[in-house]
Amino acid sequence: MGTGGESNYCHFGYESSFKSAATANKVFGENVQIKSVDLKNNIKRLFQLGSRSAVAHVTGKFEGALSLDFDISDPWFMKGVMGTITTSGAGPYCHTFTEANQPPSLTIENGISGTIRKYLGCIIGDCKISTAVGDEPAKCSLTVMYADESLTSGSTTQTAPTDTVYPFSYGSIEYPTGTTVANTESVELSITNNAALKWALGSRKASRYDMRQRTYDVTTT
């Protein structure tokens, strides 16, 4: 809530087809912040012989990017990073993430005081998860590219997370599986999808996307 009484929320949903608005009924976690939004229309200036000033402007490719930070509670955002999620158990749950060559695209919905902005065709390029001792929650930063956006009027409320933010005091790291690393103070995992939006002739909005080489980097203290 803001000081002026305005309300805001940030939800997301997975798209059945790229750039088609999905129902945004999932949450990233707690304390979600959209840190930046970068929109490029790639305007081109057109000049004529004998004129020092541009005589016209033409819009080029539409390129959108945003970044988010949040404290991890629900695991569903990882489907857009990895590809699939398998859940077992009955509280506590065990979530297993399996690699897919083409993780699904998202619709991210941000509502602020009756105005709803939807980012369509979102793909997660970079994911950084970090945590440390001292009752710190696991934190995540996402770098997202998007293909289109829309702005409408409406109101809704923030969807409550279905899980709880737990501090690292409740966690451990195993490497390899089954072997716990003792006396771990901090962990940082970086997943890079090398994602790219792709355009077709005749359209300034991306029509598809590629996920190229995927890399993992882990730093522990």
Using every non-hydrogen atom in the two residues, find where Ser20 and Ser17 come nearest and quote the distance to one decimal.
OG-OG, 2.9 Å
Begin from the C-alpha positions of Asp148 and Lys205 and carry the test salt bridge (Lys or Arg N to Asp or Glu O under 4.0 Å) through to its verdict.
CA-CA 7 Å; Asp148 203 354; Lys205 305 286 181 68; 3.0 Å; yes
Does the side chain of Tyr14 come within less than 4.5 Å of Ser105's, by heavy atoms?
no
Both conditions, 6.0 Å and 45 degrees, for the charged tip of Lys139 above the ring of Phe70: are they met here?
no
For the pair Asn41 and Thr59, evaluate side-chain hydrogen bond (donor to acceptor under 3.5 Å, both in side chains) and give the outcome as yes or no after the intermediate values.
CA-CA 6 Å; Asn41 276 313; Thr59 53; over 6 Å; no
Check the orientation of His95 and Trp76. Use parallel for under 30°, tilted for 30 to 60°, and perpendicular for over 60°.
perpendicular
Can you name the one residue among Asp71, Val165, Asp69 that meets side-chain contact (heavy atoms from CB on, under 4.5 Å) with Asn31?
Asp71
Point-to-point distance, once rounded to the nearest 0.5 Å, from OG1 of Thr180 to OH of Tyr175
14.5 Å
With distance as the sole criterion, is a donor-acceptor pair present between the side chains of Tyr9 and Glu109 under 3.5 Å?
yes
Strictly below 4.0 Å, N to O, side chains only: are Lys118 and Glu149 in salt-bridge contact?
no
Intermediate values then yes/no, side-chain contact (heavy atoms from CB on, under 4.5 Å), Asp74 and Phe28
CA-CA 7 Å; Asp74 297 26; Phe28 289 101; over 6 Å; no
Tell me if the centroids of the rings in Phe77 and Phe12 come within less than 6.0 Å of each other.
no
